[in-house]
Amino acid sequence: EQELTSALIRLGKATKKQFYFVEGHGEHGIDDTDKKGYSYIKEALEKQGFAVHKLSLLSEKVIPADAALVIMGGPENPYAPEEQGAIDAYLSRGGKLLALLDPLSKNNMDGFFAKWGVVLEQDIIVDPSSAVGPAIPVVDRYLHHAITDKFNLATFYSLARSVSFDPNLADKFRFDSFLQTGQNSWATTRIANEISIDPAKDKKGPIVIGGVFSSKEPASKMQLVVIGDSDFAANAFALSAGNGDLFQNVVSYLAQENDLISIRPKASLGGTLLMSKPQQAIIFYFSILILPIGTLLVGLFISRKRRYL
């Protein structure tokens, strides 16, 4: 069924839209099959009928004219001025860019994106109630947006950061957030060997970690999606919960292929079941205590009844 759906999608496309993943700064590699790689994402996009390429801005110097979407998948090192200039020119001509920017990175793109209203703090989101760890916030309720319309799968983000908008640029750009962490999460800038929460200094959730920045100029079709984590789409996590689906929703939205959000083929592979701590406690007490003790009591009751028969 999955292969048939993929074939129908490809047949329905007159031409393939071209996606370019920037490389050369420590980004996740689309040909890497290890846990940090993006090979699963590449394969999933190709099955949807997109052409996926690697892009070295130092070599090419410009972003190709046929680029329907450019993706920056977690750069770890700085971009050269010429590379930043190529991205600037691409966005200025109405390009579509997905920037996945991790905290604690040495890249120099935080300030670069400020001209489009992007505010990236040097913080980390902590959620003590997360079932997969306090430094891995889970999102299971989404803000209203075309990307997350009818999307009901949980997603999780390892070492995520906050994403916000500069209100001073509200006359030029629009910001639509679609990803935010839960009410029990915190954004802390006090990052050391051991992260702790101080209610007097840290920001209480919900915390926005992803949104769409777009130009208010009628003639401009520029769209920039920024998410404060890149690991959620890596091979280690893309098949877990709704992580891979959300990534594909984002790129389908930017590529103006909204129909693919609802008809994307589903792989019949195992994933991760995310539960809250109360749900974990219920399963623990039922399976470890209540069920065994209940079975023992029933056995004792039956044994006692037989003695008196």
Side-chain angles (χ1 to χ4, degrees), residues 13 15-32 37-46 48-102 105 107-118 120 147 163 173 175-176 178 210-215 220-234 238 246-258 260:
K13 291 179 179 291
T15 58
K16 286 188 176 183
K17 291 188 176 180
Q18 311 296 311
F19 288 1
Y20 291 88
F21 282 76
V22 180
E23 64 174 6
H25 317 87
E27 293 90 349
H28 298 269
I30 59 174
D31 291 329
D32 292 343
Y38 271 11
S39 60
Y40 170 78
I41 288 297
K42 176 189 178 183
E43 181 182 354
L45 295 177
E46 289 176 336
Q48 292 186 66
F50 300 115
V52 181
H53 313 276
K54 293 185 286 187
L55 175 63
S56 172
L57 289 174
L58 278 178
S59 300
E60 301 295 333
K61 310 233 185 292
V62 296
I63 292 176
D66 65 353
L69 175 63
V70 174
I71 301 166
M72 297 170 55
E76 297 178 353
N77 297 310
Y79 280 57
E82 297 82 3
E83 295 176 297
Q84 291 183 332
I87 295 171
D88 191 332
Y90 173 70
L91 290 174
S92 297
R93 68 175 190 252
K96 316 284 187 179
L97 177 68
L98 170 57
L100 308 178
L101 302 173
D102 299 301
S105 172
N107 75 68
N108 55 350
M109 301 305 288
D110 293 7
F112 171 77
F113 286 120
K115 67 181 292 183
W116 289 279
V118 181
L120 290 161
I147 292 173
V163 177
F173 301 100
F175 177 59
D176 297 294
F178 62 91
V212 183
F213 299 80
S214 53
S215 175
S220 177
K221 295 182 179 180
M222 185 279 293
Q223 285 183 311
L224 165 64
V225 171
V226 179
I227 297 177
D229 176 50
S230 68
D231 295 322
F232 79 96
L246 181 80
F247 182 93
Q248 293 175 74
N249 279 11
V250 173
V251 298
S252 296
Y253 169 80
L254 286 172
Q256 298 179 316
E257 297 281 359
N258 287 1
L260 292 181

J.: How many angstroms lie between atom CG of Asp88 and atom CZ of Phe113, to the nearest 0.5 angstrom?
T.: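 Result: 10.0 Å between the selected atoms.
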
J.: So, are Asp31 and Lys54 salt-bridged, with charged N and O less than 4.0 Å apart?
T.: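 Between Lys54 and Asp31 there is a salt bridge, with a charged N closer than 4.0 Å to a carboxylate O.
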
J.: Rounded at 0.5 Å granularity, tell me how far CG in Asn258 sits from CD1 in Ile147.
T.: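 CD1 of Ile147 is found 9.0 Å from CG of Asn258.
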
J.: Given side chains that start at C-beta, do those of Leu57 and Ile63 come closer than 4.5 Å, heavy atoms only?
T.: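 A side-chain contact exists here, since the closest heavy-atom pair is under 4.5 Å.
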
J.: Could you state the interatomic distance from CD (Glu76) to NE2 (His25), rounded to the nearest 0.5 Å?
T.: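 Between Glu76 CD and His25 NE2, I get 11.5 Å after rounding to 0.5 Å.
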
J.: Should the pair Lys17-Glu257 be classified as a salt bridge under the 4.0 Å nitrogen-to-oxygen rule?
T.: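 Result for this pair is yes, salt bridge flagged.
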
J.: How far apart are the closest heavy atoms of Gly73 and Ser230, and which atoms are they?
T.: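 Residues Gly73 and Ser230, closest heavy atoms: C-CB, 4.1 Å.
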
J.: Parallel under 30°, tilted from 30 to 60°, perpendicular over 60°: which one fits the rings of Tyr38 and His28?
T.: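 Tyr38 and His28: parallel rings.
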
J.: Using every non-hydrogen atom in the two residues, find where Pro64 and Arg93 come nearest and quote the distance to one decimal.
T.: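 Shortest heavy-atom separation between Pro64 and Arg93 comes out as O-NH2, 3.4 Å.
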
J.: Within the structure provided, determine whether Ile87 and Met72 are in side-chain contact (heavy-atom separation under 4.5 Å).
T.: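 Yes, at least one pair of side-chain atoms sits under 4.5 Å.
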
J.: Using a 4.5 Å cut-off on heavy atoms from C-beta on, say whether the side chain of Val118 contacts that of Phe175.
T.: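 Counting from C-beta outward, Phe175 and Val118 never come under 4.5 Å.
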
J.: So do the side chains of Ile30 and Val52 get within less than 4.5 Å of each other, counting heavy atoms only?
T.: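 The answer is yes, as the side chains (C-beta and beyond) meet within the 4.5 Å cut-off.
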
J.: Of all the heavy-atom pairs spanning Val22 and Val70, show the shortest one and how long it is.
T.: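 Nearest heavy atoms, Val22 then Val70: CG2-CG1, 3.6 Å.
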
J.: With side chain to side chain contact (heavy atoms under 4.5 Å, CB included) as the criterion, how do Leu45 and Tyr40 come out once you've worked through the C-alpha distance, each side chain's angles and the decisive distance to 0.1 Å?
T.: CA-CA 9 Å; Leu45 295 177; Tyr40 170 78; over 6 Å; no

J.: Got a second to check how far Gln48's CD is from Lys16's NZ, nearest 0.5 Å?
T.: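 Between Gln48 CD and Lys16 NZ, I get 12.5 Å after rounding to 0.5 Å.
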
J.: Can you find a pair of side-chain heavy atoms, one from Lys61 and one from Glu82, that are under 4.5 Å apart?
T.: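 Answer no - side chains too far apart.
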
J.: Which atoms form the tightest heavy-atom contact between Val62 and Ala86, and what is the distance?
T.: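 The pair with the smallest heavy-atom distance is CA-CB, 4.1 Å.
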
J.: Tell me if a side-chain donor or acceptor on Glu27 pairs with a main-chain N or O of Gly24 at a distance below 3.5 Å.
T.: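 Indeed, once roles are kept as given, a pair shorter than 3.5 Å links the two residues.
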
J.: Answer yes or no: is there a side-chain heavy-atom contact under 4.5 Å between Ile71 and Phe247?
T.: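 Yes - at least one pair of side-chain heavy atoms lies under 4.5 Å apart.
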
J.: Donor-acceptor check, side chain of Glu46 to backbone of Glu43, threshold 3.5 angstrom: yes or no?
T.: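 Side chain of Glu46 to backbone of Glu43, a donor-acceptor pair under 3.5 Å: no, none is there.
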
J.: Where is the tightest heavy-atom contact between Gly26 and Asn77, given as atom of each residue plus distance?
T.: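 Heavy atoms only, the tightest pair is N-ND2, 4.4 Å.
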
J.: Do Phe21 and Leu55 come close enough that some side-chain heavy atom pair is under 4.5 Å?
T.: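 Side chain of Phe21 against side chain of Leu55, heavy atoms only: no contact under 4.5 Å found.
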
J.: Is there a donor-acceptor pair under 3.5 Å between the side chain of Ser105 and the backbone N or O of Pro75?
T.: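 Flag set: sc Ser105 to bb Pro75 pair under 3.5 Å.
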
J.: Check the pair Leu254 / Val225 against side chain to side chain contact (heavy atoms under 4.5 Å, CB included), numbers first and verdict last.
T.: CA-CA 8 Å; Leu254 286 172; Val225 171; 3.7 Å; yes

J.: Is a side-chain donor or acceptor of Asn108 paired with a backbone partner of Pro78 at a separation under 3.5 angstrom?
T.: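 Between the backbone of Pro78 and the side chain of Asn108 there is no qualifying donor-acceptor contact (under 3.5 Å).
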
J.: To the nearest 0.5 Å, tell me how far Ser214 OG sits from Met222 CE.
T.: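 Answer for the OG-CE pair, Ser214 versus Met222, is 6.5 Å.
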
J.: Go through Ile227 and Val163 one step at a time and tell me if the side chain to side chain contact (heavy atoms under 4.5 Å, CB included) criterion holds.
T.: CA-CA 7 Å; Ile227 297 177; Val163 177; 6.0 Å; no

J.: Are any of the side-chain heavy atoms of Leu98 and Val251 separated by less than 4.5 Å?
T.: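 Yes, side chains in contact.
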
J.: For residues Gly74 and Asp102, report the shortest heavy-atom separation together with the two atoms involved.
T.: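 Minimum heavy-atom separation between Gly74 and Asp102: CA-OD2, 3.7 Å.
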
J.: If you measure from OG on Ser215 to CG on Leu91, what distance do you get to the nearest 0.5 Å?
T.: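 Reported value, rounded in 0.5 Å steps: 10.5 Å.
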
J.: If we count only N and O atoms by modelled type, under 3.5 Å, do the side chains of Asp32 and Ser39 hold a donor and an acceptor together?
T.: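 Side-chain D/A pair, Asp32 to Ser39: absent.
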
J.: Below 6.0 angstrom between ring centroids: does that apply to Phe50 and Phe19?
T.: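 Yes, the ring of Phe50 comes within the 6.0 Å limit of the ring of Phe19, centre to centre.
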
J.: Using ring-ring contact (aromatic ring centres under 6.0 Å, His included), reason through Phe213 and Phe173 one step at a time and then give a plain yes or no.
T.: CA-CA 7 Å; Phe213 299 80; Phe173 301 100; 8.4 Å; no

J.: So does Lys96 get a backbone contact from the side chain of Tyr90, meaning a donor-acceptor N/O pair under 3.5 Å?
T.: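 Indeed, once roles are kept as given, a pair shorter than 3.5 Å links the two residues.
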
